[in-house]
Amino acid sequence: MSRRTRFWTLAMVGAGSALGTATFAQQPPAALPVNAAKAAPSYHAVSAAIADVTASWDQPGAVVSDQAPGWRAFFGALGEELDRFGAAADANARLASLGRLHKMDVALTSTSWEPAVRVRRALNAWLAPRIRIAWAGRNLTDYVKGQAGVAPENADHWVRFVGDDLGAALSSYEGAKTVQARAAALRRLTDVLAALRKGNQANPWTFSWELQGALDGLYNRPNLDASADVASVAPFLSNDVVQTGPVYRKGYVSQVTAGPRTGFGLLPSDDGIAFYNSQLASTATPITDFQQQLQQDRRGRKLSKLYYFSASSYDQPQITVTAVLRPTTGLSLIPQSTHAVSASFNSMPTQGKGLTRGLLGVIGLNQNKLTNLVAQNAIPKIASNVEREAAQEAAERIPGAEAEQNAKLRQVLPGDGTVAVKAYRINDVSFRSRPENVLVSGKVGHQAVPDAIGADMPQPPALIQPDAGVSVDVHLGSILSNVAAGALQDEGVRSIENVMIVTKATQPGAPPAEGVTVGRNVPFAEFLGQIDAARAANDPKTTALRIRKPGKPPEFFADARGYLVALVRDFQMDVPAPPGSERGGLLGAKAKVFRITIPTAEFILSFKANSATPGGPPTQVDAKVEDFVASSDAKVLGILDDENAAVPLGPLQANLILAGFRTKLQQVPINVPLTQLRIPGFDLRTISPLDPSGWMRVVLYPNGQPIPKPGQQVAQVEAPAPAPAVAAPAVAAPAPAVVTPTPAVPEANPAPAVTAASR
């Protein structure tokens with residue numbers, strides 16, 4: 001089975017392994033869930049911060065401060081106003097609610113009580129981007145309605161775009177109570193953003209650019225945020241900058257000997273990952289033409305007739321190379337060096353001139369004296385030449401070194417601002433560095449889908465501070481949605497119409513893959529043959545399923561409980577009917593196969609990383625289908641021998657089969673071992689639970705290094721300060737002074753056209 005096929009079949013393999021030849025209807029029927037998965041409100045982090053503060057007050061025997069009732073009232077009013085914002089039906093109602101929340105946010109600045117400060121941080125992180133969106137939309141519409149030169153039809157288009165298209169999408173998102181409603185709202189917001197982006201690319205305009213930036217900053221955030229500390233990146237970035245060996249330059253041969261490394265570190269940069277490497281070296285260079293150089297000087301020419309002079313230069317430089325790694329240009333190198341230059345000189349008497357040398361010796365200018373005089377005059381020039389030639393040599397070598405390294409990096413950094421790993425892409429990549437760590441963020445997607453969907457919620461407060469090692473925060477839902485959309489566009493997947501999964505019993509301890517066989521584009525007759533073979537095996541773990549490829553990619557979200565929700569549209573699965581169903585009976589029409597068709601199906605999964613030893617690294621991820629929700633227009637068809645002659649089952653029979661399917665899914669244990677996971681240079685340390693915001697964290701640590709244990713902290717209960725004196729719901733919306741910016745063009749650009757969501 002190819003990896004392309006495996007991608008979208010693995011989700012159902014676990015179900016197939018436990019369905020068995022005994023079909024769903026033979027299980028005690030379970031009641032189908034009435035409600036779909038609940039979505040966490042956009043202000044979940046604020047509610048969680050408030051709950052953390054008040055939880056200690058509700059503990060049995062808790063000593064509660066006199067200030068607690070005031071804070072309860074304030075937090076209650078804050079929660080009610082947040083709910084009121086979520087239920088706002090139009091832009092004016094949202095703006096008025098934001099004004100009241102802004103007033104409460106300002107009121108919280110009057111206290112330094114740490115629990116209240118945490119609430120304010122969460123509130124401010126939620127509030128600020130929404131105020132930016134509200135004012136960006138208000139400024140745009142005020143301009144087009146008040147500017148005399150704007151064509152009326154153009155102004156009307158923008159007003160409808162901001163008020164109807166964008167406003168309706170925002171209201172749907174903030175008011176979404178279920179995951180399905182949130183998904184539909186996000187598709188609408190995606191369409192609005194796509195239309196706005198297209199218009200800005202064709203006709204840039206100040207107001208529409210600001211609106212796009214505000215929306216991107218809230219609903220299209222990076223879905224990957226990674227941090228790697230110095231100890232984790234040092235094995236990859238700490239390198240020698242000097243190599244032992246001869247260097248040939250301008251007729252001279254210098255013998256270079258590499259010395260010890262003297263430094264490595266990260267540098268603060270928002271323009272890439274900046275770091276430096278320093279190393280000592282020593283060089284020795286015979287100056288083979290020193291006598292000829294001496295003869296070019298008038299006084300030196302006289303001395304060269306008396307003695308033959310030779311010299312060698314020596315240098316002990318410290319070489320520092322600063323590197324900056326950018327997602328667009330790759331690696332840039334900047335060399336610097338300090339030098340400690342010395343030289344040695346020798347002289348030999350020439351033929352003849354003995355009388356002259358003797359006379360000079362009488363007056364104190366003997367051979368040693370003259371050699372020292374030559375050295376005193378030559379050393380400054382030699383030192384200057386060494387430093388100049390070393391700088392020129394480095395400048396000439398740097399482009400080649402950059403080109404060599406960038407050629408290696410090109411497979412990962414193609415130069416278009418993305419990171420490429422096989423078929424996957426990280427778009428809108430940001431490389432940054434601080435002395436403590438390297439920071440990388442972006443939107444993980446697939447090469448077949450260039451417009452990757454970002455995170456619609458910020459990281460929860462618990463994930464703001466990175467852990468030691470490599471701390472990778474991922475917005476799981478958007479990443480899985482992007483990968484799924486890309487996989488369905490893959491050339492190898494587009495030709496697939498259906499996948500048949502045949503499961504069988506395996507020996508204890510055998511890999512799960514040994515019990516699964518997957519076939520592509522299997523005819524119905526062949527599928528019937530596999531059902532007969534499975535029944536003949538008389539083993540409940542042996543069964544056959546056939547799944548049709550959905551026409552639209554599945555979408556993934558987190559619900560309010562932190563469960564992963566997979567929304568699969570156009571879901572269709574063929575399952576074996578119970579033995580004897582081909583003769584008819586309780587389940588209705590004669591059938592060998594039941595075909596389940598669900599326009600929208602929800603698969604709700606929980607998962608947890610477990611360790612073999614207490615406190616040890618995770619060795620296995622255990623997942624479970626917590627619930628299965630079929631849309632009300634789901635159908636079950638009975639098929640005997642001809643799939644074109646399928647007969648719909650009645651509502652009672654269909655509900656029995658769907659209930660059995662749900663029960664079976666909930667009974668399937670999904671165990672993913674991590675012991676075979678190999679990450680070069682790193683060990684897996686922790687996998688966090690999925691937060692209702694959709695974020696989770698994976699932490700890696702360098703091989704062989706001790707993992708730091710979190711410090712033991714004594715829990716302290718801080719007495720609350722007096723609550724802010726604000727009757728929040730009754731506070732009028734503030735009226736901030738807004739200076740309307742001058743647009744880049746005198747005429748408002750046409751409002752973008754928004755099409756219906758097609759995802």
Side-chain angles (χ1 to χ4, degrees), residues 11-12 14-37 180 498-503 522 524-525 527-536 538 540-548 550 566-604 625-668:
M12 301 307 301
S17 65
L19 289 175
T21 53
T23 190
F24 318 116
Q26 293 179 318
Q27 300 294 325
L32 286 175
V34 176
N35 297 321
Q180 289 195 41
N498 65 68
V499 170
M500 181 179 69
I501 302 172
V502 179
T503 64
V522 176
F524 187 75
F527 175 57
L528 288 178
Q530 289 292 340
I531 291 177
D532 293 338
R535 287 177 176 171
N538 196 25
K541 293 185 178 180
T542 302
T543 191
L545 307 170
R546 194 173 73 146
I547 307 169
R548 186 186 67 181
L567 294 182
V568 182
R569 288 178 283 172
D570 300 328
F571 176 77
Q572 177 178 299
M573 174 184 282
D574 294 342
V575 300
S581 296
E582 62 272 14
R583 297 187 298 272
L586 176 64
L587 295 178
K590 298 178 180 179
K592 296 179 180 178
V593 173
F594 289 140
R595 174 167 293 172
I596 301 172
T597 63
I598 306 174
T600 302
E602 281 188 11
F603 296 88
I604 305 170
V625 177
E626 296 287 345
D627 210 344
F628 163 74
V629 180
S631 54
S632 59
D633 49 356
K635 297 179 181 178
V636 179
L637 308 176
I639 306 174
L640 189 58
D641 295 307
D642 182 3
E643 64 178 328
N644 295 318
V647 178
L649 272 63
L652 175 61
Q653 292 85 353
N655 284 337
L656 286 172
I657 293 173
L658 289 172
F661 180 57
R662 172 175 174 259
T663 301
K664 273 294 186 180
L665 285 178
Q666 292 175 320
Q667 293 174 349
V668 175

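Residues take their numbers from the sequence shown, with the count starting at 1. Below, each value reflects all heavy atoms present in this structure, side chains not excepted, and no hydrogens, waters or symmetry copies.
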Item to check | From CD1 (I596) to CG (L545), nearest 0.5 Å | outcome: 9.5 Å
Item to check | Heavy-atom side-chain proximity of I604 to V629 below 4.5 angstrom | outcome: yes
Checklist entry - Minimum heavy-atom separation for F594 to G638, with atom names? => result CD2-CA, 4.1 Å
Checklist entry - Are any side-chain N or O atoms of E602 and backbone N or O atoms of A37, one a donor and one an acceptor, separated by less than 3.5 Å? => result yes
Checklist entry - Would V668 and V625 satisfy side chain to side chain contact (heavy atoms under 4.5 Å, CB included), going step by step from the backbone distance to the final call? => result CA-CA 7 Å; V668 175; V625 177; 5.8 Å; no
Next on the checklist: Side chains of F527 and N498, heavy atoms from C-beta outward: is any pair under 4.5 Å?
Outcome noted: no
Table please: side-chain donor-acceptor pairs of residues 643-652 below 3.5 Å, with sequence neighbours left out.
unit_1 : atom_1 : unit_2 : atom_2 : d
E643   : OE1    : R546   : NH2    : 2.9
E643   : OE1    : R595   : NH2    : 2.7

Next on the checklist: Applying side-chain hydrogen bond (donor to acceptor under 3.5 Å, both in side chains), can you list everything that pairs with D641, at least two apart in sequence or on another chain?
Outcome noted: K592
Next on the checklist: Using the rule given for side chain to side chain contact (heavy atoms under 4.5 Å, CB included), can you reason through T597 versus R548, listing the C-alpha separation, both sets of side-chain angles and the distance that settles it, and then say yes or no?
Outcome noted: CA-CA 10 Å; T597 63; R548 186 186 67 181; over 6 Å; no
Item to check | D642 to F524 - nearest heavy-atom pair and separation | outcome: N-CE2, 4.5 Å
Checklist entry - Just by modelled atom types, is the E626 backbone N or O under 3.5 Å from a matching donor or acceptor in the Q666 side chain? => result yes
Next on the checklist: Would you say that Q180 contacts L567 through its side chain, given a criterion of any heavy-atom pair below 4.5 Å between the two side chains?
Outcome noted: yes
Checklist outcome for this item: When rounded to the nearest 0.5 Å, the distance separating OG of S581 from CD1 of I639 is 13.0 Å
Checklist outcome for this item: Value for OG1 (T543) from CD (Q530), rounded to nearest 0.5 Å, stands at 10.5 Å
Next on the checklist: Rounded at 0.5 Å granularity, tell me how far CG in D574 sits from CD1 in I547.
Outcome noted: 9.5 Å
Next on the checklist: Is there a side chain to side chain contact (heavy atoms under 4.5 Å, CB included) between I657 and V575? Walk through the geometry before answering.
Outcome noted: CA-CA 10 Å; I657 293 173; V575 300; 5.5 Å; no
Checklist entry - Can you name the closest pair of heavy atoms from A591 and A577 and give their distance? => result O-CB, 3.6 Å
Next on the checklist: Over 60° means perpendicular and under 30° means parallel, so tell me whether F628 and F661 are parallel, tilted or perpendicular.
Outcome noted: perpendicular
Checklist entry - Between atom OG1 of T542 and atom CZ of R535, what is the distance when rounded to the nearest 0.5 Å? => result 13.5 Å
